[in-house]
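Residue numbering restarts at 1 for every chain, and letters A, B, ... go by the order of the sequence lines.
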2 protein chains.
Amino acid sequence: MATRTRRTERREKPLSRERIVEAAIELLDTAGEGGLTFRALAERLATGPGAIYWHVAGKDELLTAATDVIVAEAMAAAPSGATPRETIRGLALAVFDAVDGHPWIGGDLSRAPARSPMLRVFERIGRQLQALGVPHAAQFTALSALQSYILGTGGLNAANARAQHQRDPGTDRSDFINAAADDWASLDPDEYPFTRGIAEQLRAHDDRVEFVAGIDIILDGITARWAPPVGG
Amino acid sequence: MATRTRRTERREKPLSRERIVEAAIELLDTAGEGGLTFRALAERLATGPGAIYWHVAGKDELLTAATDVIVAEAMAAAPSGATPRETIRGLALAVFDAVDGHPWIGGDLSRAPARSPMLRVFERIGRQLQALGVPHAAQFTALSALQSYILGTGGLNAANARAQHQRDPGTDRSDFINAAADDWASLDPDEYPFTRGIAEQLRAHDDRVEFVAGIDIILDGITARWAPPVGG
DNA sequence: ACCTGAACACCGTTCAAGT
DNA sequence: ACCTGAACACCGTTCAAGT
């Protein structure tokens, strides 16, 4: 502490897994998925690429660890609602907002949850399904439907963010949506009557509102089948 | 045609975009997502990597073209059901089975549909929603819910296939599921009571049956809200 | 017009050598 | 125990040169 070596001049804190993951998140948030490089990361940490391998096994593990940090933060912030339905909405929205803020987690969310914070999300949603009165035999099916929907929306939003950034980094989200809506509106009326017809709904929609509407549709379907109407 | 040059000896047909995409699909099906390489592809086509760039813009376009071929084939094979609900089931299952047979399309399905065959899938599903009696103002929301769910399941299945292949290429699907179920069953009862409780349902479930159940749940929710009970 | 294949500018990862 | 950075074995992509 008292002696100041060249190393401590270049780097305030010693290297650690935590600091590496933190730097990786910064890099991913700033430069996108393509920005996470062992060389860029090493430069940011004022070391060589080899040093990182002492603390993490490889790039996959690093990305997974970064995703887990984001999800765990989102979980900690998720409010507990007054009803099971509101709590499920809150948990689902926490995941939605996490992807919105860090689109690069979208691709990694679907990996086998194993012991990740994502397992905790679905544990909590599952308990609310129980509270809703879904019988034991139907719980796996009910949870699976919600899981596919939530992770699917995440993946879709991540893909959209990527496409938007790739087409023109300076472009706004609403410009991107408007371009897509224009595209739909210009489709052949004989081949795509339905898609043409909802082009203006695409233009005017709010991703977050649509997401919650989907959650409610699925919960309606679940409760109609399995939960007593008084409980829903 | 009559003269036989060294080139025609090494390659029966001339290079073409179609042949390149076809070879890419074979490579992806055989060796997985990591197997698609311009060098491997060039070798298979008995040419140099540069030749491929004359016919396709780059790797992204190649992967997209390959995905589109698989989806288009799946669409062509999708049967038209007796009711709107059965037709939607058939279309959704066609996508499900396509991902099952070619897991590498899972990651690419969520890209902006633009003019891809995927747009045709959702056009057809949308028309069935119309036939079901979903009013115009709710059609975008209803379709979005189905879309997120279908693509989400696809992404999840693709991720599972990847994880399974990565952990142990020789392992069977049921071994993989059993290992996950064992994992769930061994979780801390205080922290994960719900997940523990559905471990045996995970072990016994059938992906395809669960997928259709989810489609039905969503359609129940949609019809309960928007379609007259006689029409559902 | 189409193909060739060496070359360029990157990657993730390893590893002998240092402290 | 932890770090360094050159080196290895790859990539996608380009491009001068061929036919």
*Return yes if some donor-acceptor pair links the side-chain N/O of B/Ser186 with the main-chain N/O of B/Asp183 below 3.5 Å, else return no.*
yes
*Hey, could you give me the CZ/OG1 distance between A/Arg208 and A/Thr153, rounded to the nearest 0.5 Å?*
12.5 Å
*A/Thr37 has a side chain; which of C/dT13, C/dC11, D/dG12 sits nearest to it?*
C/dC11
*Euclidean distance, atom CD1 of residue B/Ile52 to atom P of C/dG5 [Å, nearest integer]*: 13 Å
*Any idea which heavy atoms bring B/Phe96 and B/Asn157 closest together, and the distance?*
CE1-ND2, 3.1 Å
*Quick check: does any side chain N or O of B/Gln164 sit under 3.5 Å from a backbone N or O of B/Phe176, one acting as donor and the other as acceptor?*
no
*In dot-bracket notation, what is the pairing pattern of DNA chain D, taking Watson-Crick (N1-N3 plus N6-O4 or O6-N4) and G-U wobble (N1-O2 and O6-N3) contacts under 3.5 Å, with [ ] crossing and | for other strands?*
||.|||||...|||||.||
*Quick one: B/Leu63 CG to D/dC11 P, roughly how many Å, whole number?*
15 Å
*asked:* Whole angstroms only, please: what is the CG-P distance between A/Leu27 and C/dC11?
replied: 11 Å
_Counting only side-chain nitrogens and oxygens, does B/Trp54 get under 4.0 Å of the OP1 or OP2 atom of C/dC2?_
yes
*Value in whole Å for how far the P atom of C/dT13 lies from CD of A/Glu61*: 11 Å
*Mapping B/Pro49 and A/Phe38 onto DNA chain C by nearest heavy atom, which one lands closer to the 5' end?*
B/Pro49
_Counting only side-chain heavy atoms from C-beta out, which of C/dC3, D/dC11, C/dT13 sits nearest to B/Arg39?_
D/dC11
*Check every strand shown and say whether A/Leu41 touches a base, only sugar-phosphate, or nothing at a heavy-atom separation below 4.0 Å.*
nothing
*Do the rings of A/Tyr53 and A/Phe38 sit parallel, tilted or perpendicular, given the 30° and 60° boundaries?*
parallel
*Which of these nucleotides, C/dC3, C/dT13, D/dT13, is closest to any side-chain atom of A/Tyr53?*
C/dT13
*Starting at CD1 of A/Ile88, measure out to CG of A/Leu93 and round the result to the nearest 0.5 Å.*
12.0 Å
*If the plane angle is over 60° it's perpendicular, under 30° parallel, otherwise tilted; pick one for B/Phe211 and B/Tyr149.*
parallel
*Which comes earlier along DNA chain C counting from the 5' end, the contact point of A/Gly50 or that of A/Gly34, where each point is its nearest nucleotide?*
A/Gly34
